[in-house]
Amino acid sequence: MPDTTVVDAPVIDLVHPLPGFPDQRRFRLLRLDDEGTLCALRSLSDPELRFLVVPPAPFYPDYAPVIDDATVSDLAIASAEEVQLLLILTPGDTLADTTANLRAPVVLNTTTRRAAQVILEDADLSVSTPLLG
Amino acid sequence: MLVLSRRIGESVVIGDNVTVTILDVRGDVVRVGIDAPRSVAVNRAELLAELESSNRAAASASEQTVSALAEQLRQRRD
């Protein structure tokens with residue numbers, strides 16, 4: 001049973017910056033609701049910069065990407081249990097207009113709090129998949 | 001930009017540990033093999049551009065948008 005909620009982790013370090021944001025390495029992961037479904041990654045150096053993220057399970061129960069060896073090594077992942085996937089949302093005015101990036105999830109090691117946005121090989125996955133299918 | 005002509009099977013070495021080999025040429029499609037250490041990210045340029053664009057569009061939603069989405073998620077669960 002995959003985790004459906006996010007644990008409130010204080011500060012995470014991106015081992016590679018997010019494409020498009022080369023100078024932002026440290027973010028705080030904040031829960032925006034009681035369930036820990038909707039969360040935000042807020043930059044420590046630029047508080048105006050915030051990404052909405054969600055764990056995949058409540059929206060895409062079958063989503064189970066294979067994480068490559070380089071990422072496992074970069075994030076010092078020792079077991080699957082310490083991995084939390086986060087999907088970056090592109091918010092629309094409503095949930096129906098909101099999309100999630102399934103092609104490049106943020107992979108977080110909840111133990112070391114290191115993270116990276118990983119580009120998956122699967123070309124069927126889109127950077128803008130409707131959140132509600 | 002450095003421009004080199006290579007035949008199928010020939011390679012170009014970049015730095016100490018990146019080797020790019022031309023594997024096949026058919027029409028306007030060239031297949032290249034890339035040997036690089038794991039620390040060197042290799043990505044299709046257009047995919048990286050798409051990801052940058054997607055990340056920029058995702059960044060910094062207004063408070064209003066965030067509260068609206070949070071509320072809709074709550075209603076969806078109830």
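In what follows, every chain begins at residue 1, and chains take the letters A, B, ... in the order their sequences are listed.
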A:D74 and B:R38: side-chain contact (heavy atoms from CB on, under 4.5 Å), yes or no, with the steps?
-> CA-CA 9 Å; A:D74 283 352; B:R38 291 198 312 200; over 6 Å; no
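- In terms of heavy-atom pairs under 4.5 angstrom with chain B, the leader among A:D93, A:D69, A:T71, A:L32 is A:D69.
- Looking at A:L89, the atoms closer than 4.5 Å to chain B (heavy atoms on both sides) all sit in the backbone: N, CA, C or O.
- Looking only at side-chain heavy atoms (C-beta outward), B:R56 and A:F21 come within less than 4.5 Å of each other.
- A 4.5 Å side-chain heavy-atom check between B:E52 and A:L18 finds every atom pair outside the cut-off.
- Looking at A:L132, the atoms closer than 4.5 Å to chain B (heavy atoms on both sides) all sit in the side chain, from C-beta outward.
- Proximity to chain A (any heavy atom under 4.5 Å) is shown, for B:S54, by both the backbone and the side chain.
- Judged by distance alone, the side chain of A:R50 and the main-chain N or O of B:A61 form a donor-acceptor pair under 3.5 Å.
- Residue A:N101 touches chain B through its side chain alone, counting heavy-atom pairs closer than 4.5 Å.
- In this structure, chain A has heavy atoms under 4.5 Å from both the backbone and the side chain of B:N55.
- Of the two parts of B:E63, the backbone and the side chain both hold a non-hydrogen atom closer than 4.5 Å to a non-hydrogen atom of chain A.
- At least one side-chain heavy atom of A:Q117 sits under 4.5 Å from a side-chain heavy atom of B:L51.
- Only the side chain of A:E121 has a heavy atom closer than 4.5 Å to any heavy atom of chain B.
- When the side chains of ILVMFWY residues are joined at heavy-atom separations under 4.5 Å, either directly or via intervening members, A:L120 and A:Y60 end up in a single hydrophobic cluster.
- Only the side chain of A:I88 comes within less than 4.5 Å of a heavy atom of chain B; its backbone N, CA, C and O stay farther away.
- The CG atom of A:L95 lies 5.5 Å from the CG atom of B:L69; values are rounded to the nearest 0.5 Å.
- In this structure, B:Q72 and A:T94 have side chains that are in contact, with non-hydrogen atoms separated by less than 4.5 Å.
- There is no contact between A:D68 and chain B, counting heavy-atom distances below 4.5 Å.
- Of the atoms belonging to B:S62, it is backbone heavy atoms, and not side-chain ones, that fall under 4.5 Å from chain A.
- Side-chain contact between A:E35 and B:L73: absent, with no pair of heavy atoms (C-beta onward) separated by less than 4.5 Å.
- Of the inter-residue distances, the one linking B:R44 atom CZ with A:I119 atom CD1 reads 10.0 Å to the nearest 0.5 angstrom.
- One hydrophobic cluster, built from ILVMFWY side chains closer than 4.5 Å, holds both A:I67 and A:L102.
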